Enquirer: 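The following block contains the structure, expressed as structure tokens.
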2 protein chains.
Amino acid sequence: MATGRTHRTATRSRGIPEATVARLPLYLRALTALSERSVPTVSSEELAAAAGVNSAKLRKDFSYLGSYGTRGVGYDVEYLVYQISRELGLTQDWPVVIVGIGNLGAALANYGGFASRGFRVAALIDADPAMAGKPVAGIPVQHTDELEKIIDDNGVSIGVIATPAGAAQQVCERLVAAGVTSILNFAPTVLSVPDGVDVRKVDLSIELQILAFHEQRKAGEEAEAQADAVLAAEAEAAAAKGAGKGPDGDVPAVMPA
Amino acid sequence: MATGRTHRTATRSRGIPEATVARLPLYLRALTALSERSVPTVSSEELAAAAGVNSAKLRKDFSYLGSYGTRGVGYDVEYLVYQISRELGLTQDWPVVIVGIGNLGAALANYGGFASRGFRVAALIDADPAMAGKPVAGIPVQHTDELEKIIDDNGVSIGVIATPAGAAQQVCERLVAAGVTSILNFAPTVLSVPDGVDVRKVDLSIELQILAFHEQRKAGEEAEAQADAVLAAEAEAAAAKGAGKGPDGDVPAVMPA
DNA sequence: ATGTCTTTGTGAACGCGTGCACAAAGATGG
DNA sequence: CCATCTTTGTGCACGCGTTCACAAAGACAT
């Protein structure tokens, strides 16, 4: 990850741990919901439950931002919403471009969660000339040729890549060359970028594969825990059918030549 | 999740670290690409570069699976593809259902990365009666009423939730009650599930918010003083705007410099 | 004021993940 | 068969993140 190689890290004295930063949006979402219900204050215990984390972790996370709570009472919801928004940089407007307006790109363009959090879709870009001018989510798609001009004109520093894997690296390089320094990558490829550029990736199939691993493990444990003859038979049948795991190592399908 | 009892048997049979599991799909993708180029063997250094990780980390990851490499040579690509696929449970077929066929759900249904890795979209489910029967990605959408029957008939254990936030928890509960034990959640909500059910979440706006944080760090160094001045004014406005403050009343309007 | 009660903020211990560095293993060449 | 060279597999140390547990801080009642 690019963060690992950060030269002269923490340009700021107060370094907020990466894990904490990743949770701040979670807290913000829970707090926004409370704010809409006009809840004035919330305890770390309540907020932690709403955000799905441990309360001690939440308190420690907030401690990195400062002492914004009141002992014996909790946290002021409105105030905390503001503080976290400020810390995340959401009090300013972030123009973003989405490159690759396929199914996913269109879904992203229509996604309401962006606009509500200070992100503004400045442009949609696609390589297909047939797409040019066609409105998606009320925004006309522009051709890739315009990429550099769009970035420059709108002062875009955040780009979203939703192209096929084959085009991602090239698009990435053009974005970076044009001035983009943060990239959200949906293409199933490892992007290589120069220092100073942040990349976050979202790979849909990877998430499913991780789930499949745990699912397989659960099935195996279940059969193992209940030493039931029927379940054991099913497990063997499944193993034989799909080359699953046996009692020990399995027979390799292909051996080194 | 509120319960917090996530890990049942952290290291049971063969304790593969969670971090390693999360990287296996990455290796698999790189290996598949090599396989398609008919590359017979690959060194840890090369593969690590292709996967975007450290070579020592990769070797340690593989060591959890067993000793599949040959010293002085590297790893047999085909053999490793099979071993990782088996470990991830991708040698068997995983029927999945997608609930919520909006823009995102449709994009997921069309996503090619699923089918190519052993995942089969068994059904698309939506609450809108107008959607029923309409084909998306060649699969007719079915109404939510059929949810339990679909899960049962197809032996589905993995569900994808792409509904609006408000409907997610309810859908989740129905999925779990019907037998689903792994959920990939795209709705911006914290799902609470019973023990034994795995949930992975993908929140598009959270990723952007994390990028915005780093972007602000990068860009906000020289303009820091000016920004702070503006933000301080906004802080007062925000504090004054707070309506129902309750009995406690006073809220600190400015944070310590 | 004073005591009690609630909740924050944090010091400290612990566990996990990462990266270094190197010995062991095996291929390769003479 | 031996020497050399390449690359794996891993012991070890370190740093980050998580969790516990508790003292300090403040609200609230009397």
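Values below: every heavy atom of this structure, side chains too, minus hydrogens, waters and symmetry copies. Computed from a predicted structure; not experimentally measured. First the proteins, then the strands, lettered A, B, ... as listed; each starts at 1.
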Enquirer: Measure from the side chain of B:R23, starting at C-beta and using heavy atoms only, and say which of D:dT10, C:dT18, C:dT7 lies closest.
Expert: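 That would be C:dT18.
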Enquirer: Measure CZ/A:F62 against C1'/C:dT8 and give the value in whole Å, please.
Expert: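 Going from CZ in A:F62 over to C1' in C:dT8 covers 12 Å.
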Enquirer: In whole angstrom, give the distance that lies between atom CD of B:E45 and atom C1' of D:dC5.
Expert: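 Result: 16 Å.
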Enquirer: May I ask you to say what A:Y75 touches in the nucleic acid, namely base, sugar-phosphate or nothing, with a heavy-atom cut-off under 4.0 Å?
Expert: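 If one applies the 4.0 Å heavy-atom cut-off, A:Y75 turns out to touch the sugar-phosphate alone, with no base involved.
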Enquirer: Would you mind telling me which residue lines up with the more 5' stretch of DNA chain D, A:K57 or B:S67, judged by nearest nucleotide?
Expert: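 By nearest-heavy-atom nucleotide position, the 5'-most residue is B:S67.
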Enquirer: Within this structure, what is the CG-to-P distance between A:L65 and C:dT8, rounded to whole angstrom?
Expert: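 Computing the A:L65:CG to C:dT8:P distance gives 15 Å.
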Enquirer: Atom CD of B:E46 to atom C1' of D:dT8: distance rounded to whole Å?
Expert: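 Distance, rounded to whole Å: 14 Å.
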Enquirer: Is any NZ, NE, NH1 or NH2 atom of the basic residue among A:E87 and B:R217 found under 4.0 Å from an Asp or Glu carboxylate oxygen of the other?
Expert: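 Between B:R217 and A:E87 there is a salt bridge, with a charged N closer than 4.0 Å to a carboxylate O.
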Enquirer: In whole Å, I'd like the distance from the CG atom of A:N54 to the C1' atom of C:dG9.
Expert: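 About 14 Å, once rounded to whole Å.
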Enquirer: Is it the case that more than 12 heavy atoms not belonging to A:E173 sit under 6.0 Å from its CD atom?
Expert: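 Yes - once you tally the heavy atoms of other residues, nucleotides and ligands closer than 6.0 Å, there are more than 12.
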Enquirer: Checking A:T70 side chain against A:V73 main chain: does a donor-acceptor pair fall under 3.5 Å?
Expert: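 Pair absent, no side-chain N/O of A:T70 close to backbone of A:V73.
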Enquirer: Please report the distance, rounded to the nearest Å, between CD in A:E18 and P in D:dG15.
Expert: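 Atom-to-atom, A:E18 to D:dG15, this comes out as 19 Å.
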Enquirer: Only one of A:F62, A:Y79, A:Y75, A:Y82 clears ring pair (Phe, Tyr, Trp, His ring centres under 6.0 Å) with A:Y68; which?
Expert: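 Answer to the ring pair (Phe, Tyr, Trp, His ring centres under 6.0 Å) test with A:Y68 among A:F62, A:Y79, A:Y75, A:Y82: A:Y79.
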Enquirer: Check whether the side chain of A:K60 and the base of C:dG9 form a donor-acceptor pair under 3.5 Å.
Expert: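 Flag unset: no donor-acceptor pair detected.
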Enquirer: Any donor-acceptor pair under 3.5 Å linking the side-chain atoms of B:T189 with those of B:Q169?
Expert: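 There is no such pair between these side chains.
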Enquirer: What is the distance from CD of A:Q83 to P of C:dT8, rounded to the nearest Å?
Expert: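 These atoms are roughly 17 Å apart.
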Enquirer: For the pair made of CG in A:D76 and P in C:dT7, what is the distance, rounded to whole Å?
Expert: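 Roughly 16 Å, once rounded to whole Å.
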Enquirer: Which parts of nucleotides 21-30 of chain C does protein reach within less than 4.0 Å, heavy atoms only, written one letter per nucleotide 5' to 3' as B for base, S for sugar-phosphate only and - for none?
Expert: B--BB-S---
Enquirer: If we ignore angles and hydrogens, is there a donor and acceptor under 3.5 Å between the side chains of B:R86 and B:T91?
Expert: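 The criterion, which ignores hydrogens and geometry beyond distance, is not satisfied for B:T91 and B:R86.
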Enquirer: Starting the side chain at C-beta, find the nucleotide from D:dT8, C:dT18, D:dT19 nearest to B:S44.
Expert: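 Shortest atom-to-atom distance from the side chain points to D:dT8.
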Enquirer: Any side-chain donor paired with an acceptor under 3.5 Å for B:D61 and B:T20?
Expert: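 The criterion, which ignores hydrogens and geometry beyond distance, is satisfied for B:T20 and B:D61.
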